[in-house]
Each structure stands twice: as C-alpha cells, then as structure tokens.
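Below: the structure, in structure tokens.
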Amino acid sequence: MGRQRAFDEDEVVRAAVGLFGGRAYDGVSVDDLVTHLGVHRNSLYKTFGSKRGLYLVALRRHLADDVRPLAEKLAAAPDAATALRLITSADLGLLLLAAVERAPADDEVAAEVNAALAAVDQAIADALGISTVLAAALTAAALGILLRGNPDGVAAALAQSFHFPG
C-alpha cells in the first residue's frame, strides 16, 4: 500500500498559480517548485506528471478562479470605463504570461488562453452592446495597460478619451 499524500493538492495548485504568475513558466525550475510548494520531487511528478502538467493545472485554476469571475463582472459593466477598471484591477499575471510566453509554443496553452480571452471579449461585447471585434480591442488595450504598468492612471485617461456606445 502506498503512502498517503503529505500535501494538499489544492494549496499546491494555488501556490503554483502565484509562482508561475510571478515568474513565468521558463522562470520556474522544478527545484523552485519543490522549494516553494513544499512538495517532494517524486510527489510532484506522481501527482502532476511533469512541470508542464502542474503548469496546465495551475493555468486552468487561474482561468476558473480569476478570469471566469472577471468575465461575469464584465458582463454587467455599464460602460467602457468600468470594463477597463475591472480588467486593469484584476490579477491576470498568469494569463498575460501564458499569452506571451507559452501560447506561441504550446497549442494546449494557446487554446486555454484564446478561450479565456474570447469569453472576456464576449462579456464586454454583450455588456456594452458593441461588436466582439471592438470588445477585443478594448480587452487588448486593457491588457496592454497592465503590461506597461500604471493601470489606474492609463485606464482612466483611456476611458475618458474614447466614448463607446452602450
């Protein structure tokens, strides 16, 4: 009979979201995972199969716990300024890093990222009564604001400068 797992898988996945969201996939080694997550190397491989396996579980958790609720809030946004504020105040580090680092090289990550962004775009389009193309541009602008920093100031200026129907 095998030994019982000495760690809480849910806690490990949540911690992995933070680690990958702060340092990206390539910035996190298996040694980093073992050290920061408090999981033995063998347990990590037995539970998740590989670093990539843990990454995919963490990415999906981030999308379910952070991005899906954001899309639900966006669906009720009364105007573009609110949508911008919601996106720029969200914790989307792992989504952004997945989009720029892993999605170009990993079809499975690309599919997850694209589906999440499409849901965000659709929520904005529905809330504001605009096309999904315009909603995607708004999403891209908001994510760019997050990448460049100063989300509060830039989002406010952008929201005041552009008037979206809705």
So which atom in A83 and which in A77 form the shortest heavy-atom distance, rounded to 0.1 Å? N-CB, 4.1 Å
Counting C-beta onward and ignoring hydrogens, is there a side-chain heavy-atom pair between R23 and L97 closer than 4.5 Å? no
Where A110 and A103 come nearest, the two heavy atoms and their spacing: CB-O, 3.5 Å
Roughly how far apart are K51 NZ and D26 CG, rounded to 0.5 Å? 6.0 Å
Measure the shortest side-chain to side-chain distance between D106 and R52 over non-hydrogen atoms and say whether it is less than 4.5 angstrom. yes
So does K73 have more than 12 non-hydrogen atoms from other groups sitting under 6.0 Å from NZ? no
Closest heavy-atom pair, E101 versus A24, reported as atoms and distance to 0.1 Å, is OE1-CB, 3.2 Å
Minimum heavy-atom separation for P104 and A98, please, with both atom names. CD-O, 4.5 Å
Is any side-chain heavy atom of V28 closer than 4.5 Å to one of Y55? no
Say you draw a straight line from CG of L37 to CG of D8; how long is it, rounded to the nearest 0.5 Å? 12.0 Å
Using only atom types and a distance under 3.5 Å, with no angle test, would you say the side chain of E112 pairs donor to acceptor with the backbone of L59? no
Pairwise side-chain contact, L86 with T82, heavy-atom cut-off 4.5 Å (strictly under): yes
I87 side chain near I145 side chain, heavy-atom distance below 4.5 Å: no
From L70 CG over to L63 CG, what is the distance, rounded to the nearest 0.5 angstrom? 11.0 Å
Nearest 0.5 Å please: distance from the CD1 atom of I124 over to the OG1 atom of T139. 3.5 Å
Note, D65 side chain near V17 side chain (heavy atom, < 4.5 Å): no
Does either side chain, that of H62 or that of D66, offer a donor lying less than 3.5 Å from an acceptor on the other one? yes
Beyond-backbone contact of V39 with T47, side-chain heavy atoms, under 4.5 angstrom: no
Verify whether one side chain among T35 and D32 offers a donor that lies under 3.5 Å from an acceptor in the other. no
Nearest heavy-atom pair of A80 and L138: which atoms, and what distance? CB-CD2, 4.3 Å
Residues A75 and A127: closest non-hydrogen pair is O-CB, 3.3 Å
Does atom CZ of R41 have more than 12 heavy-atom neighbours from other groups under 6.0 Å away? yes
Report the distance from atom CZ of R102 to atom CZ of F20, rounding to the nearest 0.5 Å. 9.5 Å
Hey, is CG on D10 packed in by over 12 heavy atoms from elsewhere, all under 6.0 Å? yes
Please lay out, stage by stage, how F7 and H40 fare under the test side-chain contact (heavy atoms from CB on, under 4.5 Å). CA-CA 9 Å; F7 64 91; H40 293 286; over 6 Å; no
Would you confirm whether T132, through its side chain, and A135, through its main-chain N or O, come within 3.5 Å as a donor-acceptor pair? no
Distance check, rounded to the nearest 0.5 Å: Y25 atom OH versus L54 atom CG? 9.5 Å
Does one hydrophobic cluster hold both V100 and V67, with members joined at side-chain heavy-atom distances below 4.5 Å? no
